[in-house]
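Keep in mind that the numbers below use all heavy atoms, side chains included, and drop hydrogens, waters and symmetry copies. Order of the sequence lines sets the chain letters (A, B, ...), proteins ahead of strands, with each chain counted from 1.
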Amino acid sequence: MDYQFREIEAKWQKYWAENQTFKAELNTEKPKYYVLDMFPYPSGAGLHVGHPLGYIASDIFSRYKRLKGFNVLHPMGYDSFGLPAEQYAIQTGQHPAITTEANIATYRRQLDQIGFSFDWSREVRTSEPGYYKWTQWIFMQLFNSWYNLATDKAEDISTLIEKFNTSGTADVKAVCDEDVATFLPSDWANFTEEEKQKELLKYRLTYLKESTVNWCPALGTVLANDEVKEGFSERGGHPVEQKKMMQWSMRISAYAERLLQGLNTIDWPEPVKEMQRNWIGKSVGASVRFSLSPTLSKGEGANYAYQTADPLIWEVLKTNARANRSDQTPAETELWQSLRASKTGHKIRRQHPIGSYIADFICINKGLIIEVDGGYHNENQQNDSLRTEALNKLGFEVIRFTNEEVLADVTSVAQKIKHTLDQRSDKLPANSLSLGEGGGEAFIEVFTTRVDTIFGVSFIVLAPEHDLVAQLTTAAQQQEVADYIAKTKKKSELDRMADTKTVSGAFTGSFVINPVNGEKMPIWIADYVLAGYGTGAVMGVPSGDQRDWLFATHFNLPIVQISDAQQNIDVEADSTKEGKYINSGFINGSTYKEATTILHQWLEDNGVGKAKINYRMRDAIFGRQRYWGEPIPVYFKDSLPYLIKEEELPLMLPEIDKYLPTESGEPPLGRATDWTYENEYEYELSTMPGWAGSSWYWYRYMDAQNSSDFASKEAIAYWKDVDLYIGGSEHATGHLLYSRFWNKFLKDLGYVNEEEPFKKLINQGMIQGRSNFVYRLIDEEGRGTNTFVSYGLRKDYKTSALHVDVNIVENEVLNLAKFKTFRPEFANAEFILENGKYICGVEVEKMSKSKFNVVNPDVLIENYGADTLRMYEMFLGPLEQSKPWNTNGIEGVFKFLRKFWRLFHNENWAFHVEDNIPTKAEFKALHKIIKKVQDDIERFSFNTSVSSFMIAVNELTDLKCKNRQVLEDLVIVLSPYAPHICEELWSLLGNKNLSTAKYPTFNPAYLEENEFAYPISINGKMKMNLSLSLSLDEAQATEAVLGNIQVQGYLEGKTPKKIIFVKGKIVNIVV
RNA sequence: GCUCGGAUGGUGGAACUGGUAGACACGCAGGACUUAAAAUCCUGUGCCCUCAACAGGCGUGCGGGUUCGAUUCCCGCUCCGAGUACCA
């Protein structure tokens, strides 16, 4: 029988499914090998032709590894939560679960007919409660953890509470919010439960925080940075704006350094690692504090050291403070008597301006403010907590006493104050570098990677959004600054990015002092400084930074040369690190390295800065205002979040009437009725983002049915990590980074064993569309006619190009009959042909329905079979290379499989093999392919092995090989690529279980030759071939070559100067 | 701008550590079989000169270099693709 691919493929697919042929073994002595594909989102369009490419490669690899004796885990599942199903639900009212289910069925059918060796018993779906239970469970672990910098890992929150109990915040080194409080164990003990929870939330690895988010009004949800491309949503291309919202976040920044270092330990494509490095964005530099210089000169200079107030309202505050001092409440007067003149051992001031407030009492060097409540001064009537918060921000701790307390027992109040002051260190801890540190001086903090250029600073620039801008702007500059900020806001993200040439900015009217030389320099705002990076403030060094140079030139600010190596700084900035410093005070004459070291030390010693590492990576937003996602297992009590109990998992997604946000703007979950925790507390209404379910799924495959753990300890210990992960590079900074983050976290908590989840990563190239065009003739009035001109002749006519369905074009030749039925108006189409054919134009574009360039794998399988599709997809080119989809060569692969089939059959298509001893040539052909295929697969060069199969089959056909022994081995070697035909032939050969056969052992003896046709080249140019025995050494070979008549002819009597002989490779004669 | 890829016949691509450039396939041309077509099989196919063969010349984006020898290594450039972006 001829090659009947349809019957053969159906038969073996059924056989594999019924026998669970590819079920990974549980108890085995075999070494493990875990091959993972990026699981698909089951979209309504069905499997895209790009998907099978990676799946086929991983399937070949898995089947090959099984033949090599490995216990292979090769699972598949669905990332089934996501936006499209929800969009569809909004439009149709259809529950997303139903759409998802239907789509999965299509995917499964399509996957099955390609003949993948997946272990379907381990299938996962992220939208199944049995799966998302564990996604929620991991969320809970994150909520219950903090990142301890001392041990450099995540720990249970109880270890933090323990520290608070025993030593307060003193020896806590954590990755946490910036506004954490500093307190003593006694303070902690006095915190209410609410206050404790509020404080702990600032440390948890998943936390609730007001943050600026990418809000997409059209989608009604928040998007992660990597889901926004150039100001538009990646999905749907809707505009995205910045908005402040309370949001769940993941403290991925805690892992920045480990995520960066881990990249050096894994075998991933360099571009992906590079993208992750850029995303993490580590910069090594220094933070420097520039103290604010008082703007008022009349006598204020003397007060400078104690200047702690907002410079703009200093005058007002000072006057008010003076008035307050002469109009004290009885309690204040009473207390002042006990505190004044260092009676407590600490210097305390009363009615002292701080920021835009006046503190009742303050000890500046301890950073402590004492407030007596119930006062009747105007400025004290503000909400106390607001005031405390603002003062905390400035770096001050506030303790409060009521009037009654003070009047009742002033001595005990004074004692308490003294005790608190005694306990406090002189400065606030160095890690809280906020305004107010260092005794209360106001300053602007900048981050720089070139602290060595600090003597070249001639101005400071703040982002227009910087917190201090309003306070720093003087009355005279008020209008200019306000105008500039308004202008910046109007500019869209896109404009701001496109317009990097125009220099713009505004002077605030205020000044800072450069700590290294005491020089006074102006504070500007400009939109080239970004609020979201570093501190939102930069020091302007025009001689060393081109942007600063442009800014200085534009606004006539001084440009100071700071290195003897800097050149042409009147034309452009020179950022050289060479040379010795000049005009640079105490670093004059030193080199870049020396200067940096000296300055780091100097900054630290003088309390005005320190060496600092900055990361660009922000914490990941972890909430979407969407329905079709994992509910966050949290409820709110007194507006603080609490976890539900572990045994209450999974928190099921509630049924709702429609899938839109509520009228009041709440997320869709707000529509759920009777959906409260313990019939009392509101649940969190946002759901988890798309990446939640995919950030740990490879562990679920290890033990997919487990109901008591996300996977058993034993399964995790055996399978460890993914040995080979194949997928698209579009996940480089999303999925692949989040997965590494969760993996490290789970490892810190001891749930998993490996630091990195994916040992080797391969990116399959993107499959682009390949569109075909016809050229419609245009008449004099510019209207399209019904006549079409072939591609080669289109230049002679006036035509317009039209997309034509690629499925009615073969090798760029249009099928005229099918074209006439393609659209009704083409029924009477006429053609101007070349060589009797209509040739279509070709262009590579994105694959889309509107461009008629979508090729459905189902059609190819119907026409050629899965084995042909599998081999053809591999034959297209290197796996990692992007390429346009093109079916032009598929015939060749199909012919190859028929030819292969014919090797096992006689002229009458009857199965026929012979049991004789293989000839030398047959062995040679076989062992060549055995070696070639194993080498190719190990280096993921699947396209070249397809070529080699063709060569092998051509050779064996020429040799008329019918030898059972040879053909049997050939079947095994080909089976990972074309499993169906090989299974059939394997069983025709009388064998069973091809998938557990042993890959044949390569024997180099069969490839040994005793002669080699040496290429003889003269001066490097190949002239002829000469067959010589491989046993000849250099002298013998040289003699034989020079003795050859033909060689002598080429030499034309010249004497060779030198002869290069490389055994088995080449002979080169130099004349 | 920066970072990372890439550029080889009419097309997809091969040449793995510097050693016969163009494997394998598509397409094209010619032939066999056939009444004919399809299918199948055979032959040829980088370009140029030449009736043709022999022989020769030129050829891996461009310009240099290293080397007996470069698609491969080095320097400089052009173009294409991807990512990223005023990151201090």
Nearest-Å distance once atom [atom1] is located in both [N] and [M]:
N      : M      : atom1 : answer
G81(B) : G27(B) : P     : 29 Å
U78(B) : C62(B) : P     : 15 Å
G44(B) : C26(B) : C1'   : 16 Å
C80(B) : G69(B) : P     : 35 Å
A52(B) : U17(B) : C1'   : 44 Å
A55(B) : A21(B) : P     : 16 Å
G31(B) : A37(B) : P     : 12 Å
U66(B) : U72(B) : C1'   : 14 Å

Looking only at side-chain atoms of [X], point me to the closest of [options].
X          : options                : answer
Arg547(A)  : C86(B), C4(B), U20(B)  : C86(B)
Val538(A)  : C24(B), U20(B), A88(B) : A88(B)
Pro271(A)  : U20(B), C24(B), C4(B)  : C4(B)
Tyr528(A)  : A15(B), C86(B), C26(B) : C86(B)
Pro878(A)  : G13(B), A88(B), C24(B) : G13(B)
Lys895(A)  : A25(B), C26(B), A23(B) : C26(B)
Lys1023(A) : G57(B), A23(B), A88(B) : G57(B)

Side-chain N or O of [X] less than 4.0 angstrom from OP1 or OP2 on [N]?
X         : N      : value
Lys273(A) : C4(B)  : no
Arg898(A) : A39(B) : no
Ser283(A) : A88(B) : yes
Gln881(A) : G6(B)  : no
Asn943(A) : A25(B) : no

Secondary-structure stems for RNA chain B, with pairs counted as Watson-Crick or G-U when both distances are under 3.5 Å and runs at least 3 long: B:1-7 with B:78-84, B:10-12 with B:24-26, B:27-32 with B:40-45, B:46-48 with B:56-58, B:61-65 with B:73-77

Tell me the interatomic distance from [X], atom [atom1], to [N], atom [atom2], rounded to whole angstroms.
X          : N      : atom1 : atom2 : answer
Asp452(A)  : A88(B) : CG    : P     : 13 Å
Trp901(A)  : U40(B) : CH2   : C1'   : 19 Å
His466(A)  : A88(B) : NE2   : C1'   : 13 Å
Gln276(A)  : C4(B)  : CD    : P     : 16 Å
Asn886(A)  : G12(B) : CG    : C1'   : 7 Å
Glu274(A)  : U84(B) : CD    : C1'   : 11 Å
Lys1065(A) : U20(B) : NZ    : P     : 8 Å
Trp909(A)  : U40(B) : CH2   : P     : 10 Å

What is the ring orientation for [X] with [Y], classed by angle as parallel under 30°, tilted 30 to 60°, or perpendicular over 60°?
X          : Y          : result
Tyr1014(A) : Phe1061(A) : tilted
His905(A)  : Trp909(A)  : tilted
Tyr864(A)  : Phe894(A)  : perpendicular
Trp901(A)  : Tyr3(A)    : tilted
Trp524(A)  : Phe555(A)  : tilted

Ser1017(A)-Asn1068(A) side chain donor-acceptor pair, cut-off 3.5 Å: yes

For [X], report the nucleic acid contact type (base, sugar-phosphate, nothing); a contact means any heavy atom under 4.0 Å.
X          : answer
Lys1063(A) : nothing
Tyr615(A)  : nothing
Arg277(A)  : nothing
Phe875(A)  : base
Asp548(A)  : nothing
Met1022(A) : base

Would G9(B) be called syn or anti, given that syn covers angles within 90° of 0? syn

Measuring only between side-chain heavy atoms, which start at C-beta, is Ser283(A) closer than 4.5 Å to Ile613(A)? no

With B for base contact, S for sugar-phosphate-only contact and - for none (protein heavy atoms under 4.0 Å), nucleotides 63-70 of chain B reads -----BS-

Are the aromatic rings of Phe942(A) and Phe875(A) close, with centres under 6.0 Å apart? no

Considering only NZ, NE, NH1 and NH2 on the basic side and carboxylate oxygens on the acidic side, decide whether Glu257(A) and Lys282(A) come within less than 4.0 Å. yes

Considering only NZ, NE, NH1 and NH2 on the basic side and carboxylate oxygens on the acidic side, decide whether Glu270(A) and Arg277(A) come within less than 4.0 Å. yes

Using the closest heavy atom to pick a nucleotide of RNA chain B for each, name whichever of Phe447(A) or Ile890(A) lands nearer the 5' end. Ile890(A)

Please tell me which of Ser1017(A) and Tyr533(A) maps to the more 5' nucleotide of RNA chain B, matching each residue to the nucleotide holding its nearest heavy atom. Ser1017(A)

More than 12 heavy atoms from other groups under 6.0 Å of [atom1] on [X]:
X          : atom1 : result
Lys924(A)  : NZ    : no
Met1024(A) : CE    : yes
Lys928(A)  : NZ    : yes

